[in-house]
Amino acid sequence: MQKVRIRRDDEVVVSVGRDKGERGKVIRVQAEEGRVLVSKVNMIKRHTRATQSNAGGIIEKEAPVSISNVQFYCSNCDQGVRLGMKLLEDGAKVRHCRKCGEVVDN
Ligand SMILES: [Zn+2]
């Protein structure tokens with residue numbers, strides 16, 4: 001199994017399914033479930049009942065998607081890519097795009 005290198009605040013692209021090609025920011029990584037919550041991706045509608053503070057109606061919210069269905073978005077490549085790890089001279093481990101080699105961590 002591929003190691004999960006997606007982190008919160010990463011920009012990712014959906015690579016399969018209904019939202020294929022959609023891009024969004026990772027809101028939360030649920031590593032144990034192998035799922036991620038991505039902003040504006042896999043939106044589901046939920047009906048809420050009217051309360052005193054809330055008019056009720058339909059709200060849209062994100063549902064988690066399988067981590068294997070998203071890829072890290074590399075702005076340099078302008079597409080979803082796979083990430084690798086590399087060791088810098090100062091000993092820091094950073095993620096990099098396996099396509100163009102761009103380091104994506106600061
Ligand atoms: Zn790249």
Side-chain angles (χ1 to χ4, degrees):
M1 195 188 138
Q2 200 191 334
K3 210 172 167 198
V4 174
R5 306 202 199 278
I6 302 289
R7 294 179 193 161
R8 193 162 68 91
D9 290 337
D10 280 350
E11 193 165 8
V12 294
V13 188
V14 180
S15 52
V16 291
R18 184 169 66 100
D19 287 321
K20 187 175 178 177
E22 290 288 320
R23 232 158 78 192
K25 203 173 177 185
V26 174
I27 303 168
R28 194 162 65 217
V29 178
Q30 301 170 323
E32 306 83 51
E33 294 94 347
R35 289 169 174 274
V36 283
L37 213 57
V38 184
S39 161
K40 304 289 175 213
V41 166
N42 201 26
M43 299 298 285
I44 51 163
K45 287 192 171 69
R46 280 187 52 180
H47 298 263
T48 57
R49 296 249 306 267
T51 62
Q52 281 185 343
S53 58
N54 186 335
I58 298 166
I59 55 163
E60 279 198 296
K61 58 176 284 187
E62 289 89 358
V65 294
S66 173
I67 225 161
S68 57
N69 290 358
V70 299
Q71 284 189 307
F72 184 88
Y73 174 75
C74 174
S75 53
N76 203 29
C77 298
D78 192 28
Q79 63 178 266
V81 297
R82 287 219 294 230
L83 294 175
M85 299 295 285
K86 72 177 170 189
L87 211 56
L88 296 182
E89 281 177 18
D90 64 4
K93 257 183 168 176
V94 294
R95 299 177 302 166
H96 72 281
C97 169
R98 285 172 81 160
K99 201 171 175 72
C100 68
E102 185 100 326
V103 172
V104 299
D105 284 329
N106 299 316

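Counting convention: from 1, in listed order, for ligands and their atoms alike. We use all heavy atoms of the structure for the numbers below, so side chains are in, but hydrogens, waters and symmetry mates are not.
Closest non-hydrogen pair, Ile6 versus Gln71, comes out as CD1-C, 4.4 Å.
Asn76 contributes atom CG, which lies 10.5 Å from atom CD of Gln79 (distance to the nearest 0.5 angstrom). Residue Lys86 holds its NZ atom at 5.5 Å from NE2 of His96, rounded to the nearest 0.5 Å.
Although no hydrogens or angles enter the test, the distance criterion places a donor-acceptor pair under 3.5 Å between the side chain of Arg95 and the main chain of Arg5. Side-chain N or O atoms of Asn69 include none that pairs as donor or acceptor with a backbone N or O of Val16 at under 3.5 Å. Asp10 places no side-chain N or O within 3.5 Å of a backbone atom of Val26 that could act as its donor or acceptor partner.
Of all protein N, O or S atoms, those under 2.8 Å from the Zn ion (ligand 1) number 4.
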